[in-house]
Amino acid sequence: MSVTLKRRETEVFSLAFLDCICCGFGAMILVFILTISQQQSLEMENIDEIQARVRAAEQQVTLTQAEADRILQQLLKTRVEIAAEEQNSKDTELKISDRQRELMLLLQDIGAMKDARNVLLDDRKLIPTTDEKKNLPLPNPGQYLTGVNLNGEYILFLVRMSGSMLDETPDDAFARLSDPDFKKKQAPKWRRVVQSIKWMLASLGPETHFKIVLFNDEVANLLPNRADEWLPSKDRAVLKEVIARLDDLVPKGGANLEKAFAAVRFMPRLPDNLVLLTDSLPTLSDSIPTDGAVGQEQRIRFFEVAERLRPTRVPVSTILFPFSGDPAAAWLYWRLAARSNGALVSPSADWPDL
């Protein structure tokens with residue numbers, strides 16, 4: 001019996017080919033998985049970096065907001081300061097206007113004083129002289145002293161005797177400090193001061209009593225042995241003693257107006273009128289310590305402290321002798337006169353004419 005062999009058909013997809021296909025596919029899957037894993041790692045790193053940047057940005061925003069708040073507060077403060085400065089400027093302008101008006105009134109008073117001076121100079125020629133009066137100053141009643149009240153039962157003369165009273169400028173006064181005492185006594189400016197006191201003593205009424213208090217670094221009575229007495233103006237012997245003592249005074253040292261006013265304030269019997277003879281603002285103070293040179297602002301403070309110690313209800317009239325380099329003096333002594341119902345006189349160079 002014959003056997004017929006059937007021809008085997010060729011298979012395109014054999015086991016080996018499938019294995020290769022599966023291996024290749026598996027490799028692709030492995031590569032894909034590794035790629036995905038690496039991408040996820042990179043994405044996590046990017047997320048962390050972004051979060052860090054976000055936190056840094058938030059911190060920067062916080063700092064920026066704080067800085068903005070600070071700047072806003074500074075801006076508000078600056079606006080308040082600008083408003084205050086504008087108000088101060090307005091107040092200053094008002095004060096300047098008031099000072100200008102006061103200056104105009106003062107100039108008018110000066111004009112009236114000059115007119116009165118001319119009239120009194122003419123009247124002086126009619127005043128007789130005697131041998132008795134030659135021994136004492138002969139006044140022209142009211143000469144150049146319009147407004148200064150020498151009436152009353154008790155008159156106090158408060159005389160500055162500091163080194164500045166030696167001359168009219170700081171440099172010249174300082175130069176005279178090295179002169180011997182006999183030259184200081186004859187300094188032209190100081191002689192005017194002494195002559196002014198003599199003139200006013202001779203102008204006092206017969207029933208008037210007076211005292212002369214000197215001040216520089218310290219305060220002293222002209223006649224220490226009679227410091228507690230009010231001297232009678234009609235007593236010729238007393239007047240001669242006072243004049244002799246005046247001629248022997250030597251200006252020196254600084255000027256403590258605070259101490260002088262305090263001494264007057266606590267007198268057992270206050271004067272009816274006080275006449276202050278000075279040339280500038282004080283240079284010393286018991287209440288305000290100093291270390292070295294004293295400037296204009298400090299001297300103004302010294303004056304204001306002294307002014308608070310002046311005796312109340314006592315008119316203070318100031319005779320202000322010339323001294324350069326002290327621009328605030330005239331205004332402050334004028335204010336003192338206005339507050340105390342006194343007067344301020346800046347005498348001409350030929351006053352007093354005895």
Side-chain angles (χ1 to χ4, degrees), residues 117 120-121 123-161 165 181-182 184-215 219-251 260 263-264 267-278 314-319 321 343 345 347 350-354:
R117 168 197 171 186
L120 292 171
L121 282 174
D123 293 341
R124 178 189 175 193
K125 300 176 181 178
L126 304 176
I127 299 175
T129 59
T130 64
D131 293 337
E132 180 185 7
K133 290 182 178 179
K134 288 180 181 178
N135 296 325
L136 295 171
L138 176 65
N140 287 319
Q143 182 190 32
Y144 304 14
L145 285 181
T146 302
V148 177
N149 190 354
L150 295 177
N151 298 322
E153 188 177 356
Y154 298 93
I155 305 296
L156 175 67
F157 299 98
L158 188 59
V159 184
R160 178 172 178 153
M161 201 178 66
M165 300 292 274
D181 286 351
F182 77 91
K184 292 178 183 177
K185 294 177 185 178
Q186 297 304 319
K189 179 179 174 182
W190 178 244
R191 292 311 306 164
R192 285 188 63 200
V193 176
V194 173
Q195 294 294 85
S196 301
I197 301 171
K198 294 179 181 180
W199 187 93
M200 288 184 287
L201 289 177
S203 300
L204 298 176
E207 301 304 319
T208 301
H209 294 72
F210 69 95
K211 273 188 181 184
I212 299 177
V213 176
L214 312 170
F215 73 99
V219 180
N221 197 284
L222 179 68
L223 302 179
N225 58 329
R226 306 183 69 171
D228 296 329
E229 298 180 38
W230 286 92
L231 306 176
S233 62
K234 63 183 179 181
D235 190 331
R236 293 289 176 173
V238 168
L239 288 177
K240 289 181 180 179
E241 182 182 2
V242 167
I243 290 172
R245 175 60 181 153
L246 285 171
D247 289 335
D248 199 44
L249 294 176
V250 179
V264 176
M267 282 182 173
R269 205 297 181 190
L270 291 178
D272 298 319
N273 283 288
L274 189 156
V275 180
L276 172 64
L277 291 88
T278 185
V314 175
V316 179
S317 296
T318 301
I319 299 178
F321 292 90
V345 174
D350 57 347
W351 184 86
D353 185 9
L354 299 179

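Note: hydrogens, waters and symmetry copies are ignored here, and every other heavy atom, side chains too, is used.
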Engineer: Show your reasoning for whether side chain to side chain contact (heavy atoms under 4.5 Å, CB included) applies to Glu241 and Leu223.
Structural biologist: CA-CA 9 Å; Glu241 182 182 2; Leu223 302 179; 4.0 Å; yes
Engineer: With sequence neighbours left out, write down each residue that passes side chain to side chain contact (heavy atoms under 4.5 Å, CB included) with Lys184, or none if nothing qualifies.
Structural biologist: Leu166, Asp179, Asp181, Val250
Engineer: Using salt bridge (charged side-chain N to carboxylate O under 4.0 Å, His left out) as the criterion, list what pairs up with Asp247, not counting sequence neighbours.
Structural biologist: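 Residues passing salt bridge (charged side-chain N to carboxylate O under 4.0 Å, His left out) with Asp247: Arg191, Lys198.
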Engineer: Does Thr278 use its side chain to pair, donor to acceptor, with the backbone of Arg160 at less than 3.5 Å?
Structural biologist: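 Pair absent, no side-chain N/O of Thr278 close to backbone of Arg160.
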Engineer: Ignoring hydrogens, what is the shortest heavy-atom contact between Trp230 and Leu270? Give both atom names and the distance.
Structural biologist: CZ2-C, 4.5 Å
Engineer: Which side-chain N or O atoms in residues 151-158 pair as donor and acceptor under 3.5 Å with protein atoms at least two apart or in another chain?
Structural biologist:
| from | atom 1 | to | atom 2 | distance (Å) |
| --- | --- | --- | --- | --- |
| Asn151 | ND2 | Asn149 | OD1 | 3.3 |

Engineer: When you compare the side chain of Ile197 with that of Leu277, does any pair of heavy atoms fall below 4.5 Å?
Structural biologist: yes
Engineer: Does any non-hydrogen side-chain atom of Lys211 lie less than 4.5 Å from one of Met267?
Structural biologist: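 Result yes, sub-4.5 Å side-chain heavy-atom pair found.
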Engineer: Look at atom CG of Asp228 and say whether more than 12 heavy atoms of other residues, nucleotides or ligands are closer to it than 6.0 Å.
Structural biologist: no
Engineer: Any non-hydrogen side-chain atom of Ile319 less than 4.5 Å from a side-chain atom of Val275?
Structural biologist: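 Yes, their side chains come closer than 4.5 Å.
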Engineer: Do Asn221 and Arg226 touch side chain to side chain, with heavy atoms closer than 4.5 Å?
Structural biologist: no
Engineer: Side-chain contact test, heavy atoms from C-beta onward, threshold under 4.5 Å: evaluate it for Val213 versus Val159 and give yes or no.
Structural biologist: no
Engineer: How many angstroms lie between atom NZ of Lys185 and atom CH2 of Trp190, to the nearest 0.5 angstrom?
Structural biologist: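 Answer for the NZ-CH2 pair, Lys185 versus Trp190, is 11.5 Å.
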Engineer: Is there a donor-acceptor contact under 3.5 Å from the side chain of Asp235 to the main chain of Val238?
Structural biologist: yes
Engineer: Hey, is the main chain of Leu204 close enough, under 3.5 Å, to the side chain of Ser233 for a donor-acceptor pair?
Structural biologist: no
Engineer: Is the shortest side-chain heavy-atom distance between Asp272 and Val314 below 4.5 Å?
Structural biologist: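 Of all side-chain heavy-atom pairs linking Val314 with Asp272, none is under 4.5 Å.
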Engineer: Please round to the nearest 0.5 Å and tell me the distance separating atom CD1 of Ile243 and atom CG of Asp248.
Structural biologist: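 Result: 14.0 Å between the selected atoms.
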Engineer: Please tell me if the side chains of Phe210 and Leu201 come closer than 4.5 Å, counting only heavy atoms from C-beta onward.
Structural biologist: yes
Engineer: Taking it one step at a time, do Arg192 and Phe321 satisfy side chain to side chain contact (heavy atoms under 4.5 Å, CB included)?
Structural biologist: CA-CA 9 Å; Arg192 285 188 63 200; Phe321 292 90; 4.3 Å; yes
Engineer: Search all heavy atoms of Glu207 against all heavy atoms of His209 and return the closest pair with its distance.
Structural biologist: O-ND1, 3.5 Å
Engineer: Given side chains that start at C-beta, do those of Leu214 and Leu222 come closer than 4.5 Å, heavy atoms only?
Structural biologist: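 Contact flag for Leu214/Leu222 side chains = yes.
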Engineer: Say whether, by atom type as modelled, one donor and one acceptor occur between the side chain of Ser317 and the main chain of Val148 under 3.5 angstrom.
Structural biologist: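 Pair absent, no side-chain N/O of Ser317 close to backbone of Val148.
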Engineer: Out of curiosity, Ile212 CD1 to Leu246 CG, how far, rounded to the nearest 0.5 Å?
Structural biologist: 5.0 Å
